[in-house]
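Quick caveat, the model's predicted, so the values are computed rather than measured. Below, chain A is the first sequence line, B the second, and so on; all start at residue 1. The figures here come from the full heavy-atom set of this structure, side chains too, leaving out hydrogens, waters and symmetry mates.
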Amino acid sequence: KAGVTQTPRYLIKTRGQQVTLSCSPISGHRSVSWYQQTPGQGLQFLFEYFSETQRNKGNFPGRFSGRQFSNSRSEMNVSTLELGDSALYLCASSLGTGIQPQHFGDGTRLSIL
Amino acid sequence: GQQVMQIPQYQHVQEGEDFTTYCNSSTTLSNIQWYKQRPGGHPVFLIQLVKSGEVKKQKRLTFQFGEAKKNSSLHITATQTTDVGTYFCARARNNAGNMLTFGGGTRLMVKP
């Protein structure tokens, strides 16, 4: 069974630009969550999607948004990039029913210049 | 708030020594999950604890959930170089969904 796939693996952007990250969950998983990982703040929850609906949302500004498609694939968008958005963005999938183990992808390393 | 505090932040051990990381919460936890992240890698699920006083073992790893469900620990017996990485505890919200709040992690370094 293929794991969680995130693309691209690395991305370099400049301030003010926007970016879209993609995540393909494990087959059969309906929940997709996004996390931001930085040395200073650690692992922070961004949002979770289940059946194309945002089910949970973390404490991030509205510049961070996401969506989920009918095949459970998810995208995350960050607009008006700031230097502080440099981070590893991790996607995690799970079956979605009840509290489940999260299966993480390798992440997208976003660097803002 | 809903924070989980994890100590220590770093731990250096000699190969063969034991290692323990602790996770504490000011509020009762409905569950606790543990993850391991190798350097340059992604978090990998290790275990989930849900019952008061629960103890689970995976080979040299022992996971405990406190009687009051406000703390948890991960103990590794006789560490090996393959144990190197950062160990995170995480709580999941006790409602629909999979929103995890992670502790700050304990970075384990093992000297061969």
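- Around CG of A/Asn71, the count of heavy atoms belonging to other residues, nucleotides or ligands within 6.0 Å exceeds 12.
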> Run the ring-ring contact (aromatic ring centres under 6.0 Å, His included) check on A/Phe45 and B/Phe102 step by step: do they pass?
Replying inline: CA-CA 8 Å; A/Phe45 174 82; B/Phe102 281 85; 9.7 Å; no
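- Between the side chains of B/Gln37 and A/Gln37, at least one donor-acceptor pair of N or O atoms lies under 3.5 Å.
- The stretch residues 43-55 of chain B places B/Pro43, B/Phe45, B/Gln48 near chain A, each with some heavy atom under 4.5 Å from a heavy atom of that chain.
- Within 6.0 Å of CZ on B/Arg107 lie no more than 12 heavy atoms contributed by other residues, nucleotides or ligands.
- Taking CD of A/Glu48 as the start and CG of B/Leu100 as the end, the distance is 9.0 Å to the nearest 0.5 Å.
- Placement of A/Leu83 and A/Leu11 within a single hydrophobic cluster is found when ILVMFWY residues are connected by side-chain heavy-atom separations under 4.5 Å, directly or transitively.
- Contacts between A/Leu90 and chain B at a heavy-atom distance below 4.5 Å involve the side chain alone, from C-beta outward.
- Between B/Asn98 and A/Arg55 the shortest side-chain heavy-atom distance falls below 4.5 Å.
- Among A/Ser33, A/Gly107, A/Gly105, the residue making the largest number of heavy-atom pairs under 4.5 Å with chain B is A/Gly105.
- For A/Phe47, no part lies under 4.5 angstrom from a heavy atom of chain B.
- Once rounded to the nearest 0.5 Å, the distance linking CE of B/Met99 with CD of A/Gln102 reads 12.0 Å.
- A donor-acceptor contact shorter than 3.5 Å is absent between the side chain of B/Gln33 and the backbone of A/Ile99.
- No more than 12 heavy atoms of other residues, nucleotides or ligands sit less than 6.0 Å from atom CZ of B/Arg38.
- Among the candidates A/Pro101, A/Ser31, A/Gly42, A/Gly58, the residue making the largest number of heavy-atom pairs closer than 4.5 Å to chain B is A/Pro101.
- Residue A/Lys57 places its NZ atom among more than 12 non-hydrogen atoms of other residues, nucleotides or ligands, all under 6.0 Å distant.
- A 6.0 Å sphere centred on CZ of B/Arg60 holds more than 12 heavy atoms belonging to other residues, nucleotides or ligands.
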